[in-house]
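What follows is one structure encoded as structure tokens, with my remarks underneath.
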Number of protein chains: 2
Amino acid sequence: MQATIKDIAKATGFSVATVSRVLSNKKGFFSEKTAAKVNQVAKELGYKKNMSATELVTKKSNVIAALINSTKTNFSDSIIKGIQDKADELGKTVIILYAGDRDARAQKKALTTALERSVAGILLLSVDLSPENLTLLKSARTPFYFISITFQDTALPCITSNDHGIGYLATSYLIRQGHRRIGLAGLDFSDSYTGKLRLAGYQAALAENQLSAHSEWVQAGDYSYEAGIAALDAYAQNSELPITAVIAGSDMVGIGILNRASALKIPVPQKLSIVTIDGTDLCRIVQPPLTSVTQDFYKMGYVGLERLLENAAGITYTQSELTERKSVLAVKK
Amino acid sequence: MQATIKDIAKATGFSVATVSRVLSNKKGFFSEKTAAKVNQVAKELGYKKNMSATELVTKKSNVIAALINSTKTNFSDSIIKGIQDKADELGKTVIILYAGDRDARAQKKALTTALERSVAGILLLSVDLSPENLTLLKSARTPFYFISITFQDTALPCITSNDHGIGYLATSYLIRQGHRRIGLAGLDFSDSYTGKLRLAGYQAALAENQLSAHSEWVQAGDYSYEAGIAALDAYAQNSELPITAVIAGSDMVGIGILNRASALKIPVPQKLSIVTIDGTDLCRIVQPPLTSVTQDFYKMGYVGLERLLENAAGITYTQSELTERKSVLAVKK
DNA sequence: CTGAAAGCGCTTACAG
DNA sequence: CTGAAAGCGCTTACAG
């Protein structure tokens, strides 16, 4: 049997009230001497607080649930690191819950788990809730905050990169390097608002330079490695590539493009420059290392938790920056 | 205010006891009619069970805590997927807790969190507990089980790959391909028992073929990308490589070796064959894709949870297999 | 099939 | 600084 506060009370001769006070460190409500004795006995008995009881009576919790989806995009590591660091500063504890991959059942289960334990708040990392689950979440009184996902519904509180800015940044960078025929590959333009925004940023940058995208330059996809392969195959249909540079919707797309190009003997960056979006560690372990628009995932997590706890509304943007590596060639104009 | 069982009792005219029975589905203790009414009202009120109260009174929990460490090795995804799938089958819910990276404080915090919530069991994925934390874990009455980590102390219950077998398998495969001078790189032979076992397997395979390792063939490391770079630099000190093939301690080590070789114009596999240990998705996104000894991480998670719940003792091994890709060249003997 | 009552391990006004 | 007591939301023998 786990020792309880009662056991300690009995052993020390104090009341459970006093024991409770020292154990939860209610300063000013006990003497040093009392504390020493109680803590000592608690240690001897291997006492461990029963959080269920505490949460039941205080009706609050210091745990934050972070729901993650199980897709292979591995930038969530950085986000979680950011959340964890902030949580440590604040004395919160975070539990991570898998919410499946666009699986409404799994989402609901994770959500219910969080809600039933009356956590202090829910962070949703790139999880695109089904309509019912969104309703469920909203109807609960638990604060929530989305991270790394952009909604059309601007009423949802979230922190994310400025996706329009990302598209614009990548494109204008390539233009400055002298490129004129620039592709955009591997993004989802129908289900994903993110994709639409990045496309708009891309088009804006082109327009600003009196350029406009040929339809064959833009290859939709699902942000996966395979989407990168498919995109390159589409570009390589004719002996001459229609583009001199391409923006990949994710690191995995970029790597897919890179590898397929290598298989087809298209040298990167000599014949094709690549800028990828995300900028995770993956960029540096391929050859050539991929130049990227790098998102600040760590910060998303760190300030995401902050925002959640201050009950912030609306969208907060996190800064993205261009990281030059070796996959872009400057061409003379 | 969250609706409670009491509110439902009031609204339906039943007692809290009856409401509790239908809500926790104690078959045979209520009529269909009662159930219908209670469930209906529960739904209207947006009732959500307070798990703290339930756990407090039943003194049991159906949650499993999975402690993970924050190193970059990303095979934990597969392990967690395995755990999650098994948990779903069993109706358990799993919460994931970060236990830092060989950080005793973070470990303790994660452990305490799990223990204070009196979870049904604790799974530790590749987390190498400090001695005090191990004592803490053992002294609690909570069942625990290690995954993907090998101890010298065989009394600790765990599921993992047979590390001796892995070293042996990789080495004997390369020998069968005609290699005679085979390196081993990026493993830790001092802190990590895993490293020692793999080394022993490597030596056993060599010995079986009347070969023995030159000391310069074996380059220690910490399983990281940088360790791979360093290992290749060590091998490449002289104009001629001392080896024709190398076994990398992890996928990241393998990629480090590969990239450094490419930078130094050492063609893989023509001048250097590589077999890597782990076999995660990373192996297929580099060029050439890396032949690997592939560990069955998914299964580790899946049966790990099973074992935990049946309170199994001792070590369970999971099967590893050789996956041929493009990084090994067969040489004529 | 249903209800009254006790109790899980804690916290916290209230009174001293 | 300390204690007695009520109560958090549930479950479950016990009695009908």
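Within 6.0 Å of CD in A/E44 there are more than 12 heavy atoms belonging to other residues, nucleotides or ligands. The number of heavy-atom neighbours closer than 6.0 Å to CD of B/Q319, taken from other residues, nucleotides and ligands shown, is 12 or below. No more than 12 heavy atoms of other residues, nucleotides or ligands shown are found within 6.0 angstrom of CD on B/E32.
In this entry the distance linking CG of A/N25 with C1' of C/dT11 reads 14 Å, nearest Å. Going from atom CG of A/L56 over to atom P of D/dG9 covers 7 Å, rounded to whole Å. When the P atom of D/dC1 is taken as reference, atom NZ of A/K37 falls 16 Å away, rounded to whole Å. Regarding B/E55, its CD atom lies at a distance of 13 Å from the P atom of D/dT12, rounded to whole Å. Counting to the nearest Å, the P atom of C/dC10 and the CD atom of B/E116 are 10 Å from each other. Counting to the nearest Å, the P atom of C/dA4 and the NZ atom of B/K6 are 13 Å from each other. Atom NZ of A/K60 and atom C1' of C/dC10 are 14 Å apart (whole Å). Note: CG (B/L23) to P (D/dC10) measures 8 Å, nearest angstrom.
Counting any heavy atom pair closer than 4.0 Å across all strands shown, A/T34 reaches sugar-phosphate atoms only and no base atom. Among the heavy atoms of the strands lying under 4.0 Å from B/F30 are primed sugar atoms or P, OP1, OP2 only; no base atom is included.
Regarding contacts with the backbone of D/dG3, a side-chain N or O of A/S15 is found under 4.0 angstrom from either OP1 or OP2. The phosphate of D/dG3 has OP1 or OP2 within less than 4.0 Å of a side-chain N or O from A/T18. In terms of phosphate contacts, B/K59 brings a side-chain nitrogen or oxygen within less than 4.0 Å of OP1 or OP2 of C/dG9. Between D/dT11 and B/K26, no contact under 4.0 Å exists linking OP1 or OP2 to a side-chain N or O. Not one side-chain nitrogen or oxygen of A/K33 sits closer than 4.0 Å to the OP1 or OP2 atom of D/dC1.
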Strand DNA chain D as a dot-bracket string - pairs counted if Watson-Crick or G-U with both distances under 3.5 Å, | where the partner lies in another strand:
|||.||||||||.|||
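Toward the 5′ end of DNA chain D lies the nearest nucleotide of A/G28, the other residue of the pair B/T58 and A/G28 mapping further downstream. For the pair B/F14 and A/S20, nearest-nucleotide mapping onto DNA chain C gives the more 5' position to B/F14.
In the set C/dG9, D/dC10, D/dT12, the nucleotide with an atom closest to the side chain of A/T4 is C/dG9. Comparing C/dC10, C/dG3, D/dG9 against the side chain of B/N50 picks out D/dG9 as the nearest. You'll find that the side chain of B/V57 is closest to D/dC10, out of D/dC10, C/dT2, C/dA13.
Relative orientation of the B/F144 and B/F146 rings is perpendicular, given thresholds of 30° and 60° on the angle between their planes.
Looking at heavy atoms from C-beta onward, B/V63 lies in side-chain contact with A/R117 at the 4.5 angstrom threshold. In this structure, the side chains of A/D188 and A/D222 stay at 4.5 Å or more apart for every pair of heavy atoms. Annotation: side chain of A/L305 is not in contact with side chain of A/E89 (no heavy-atom distance under 4.5 Å).
When the C1' atom is compared between D/dG16 and D/dT12, the two are found 16 Å apart, to the nearest whole Å.
The pair A/D85-A/K81 counts as a salt bridge, with a side-chain nitrogen and a carboxylate oxygen less than 4.0 angstrom apart.
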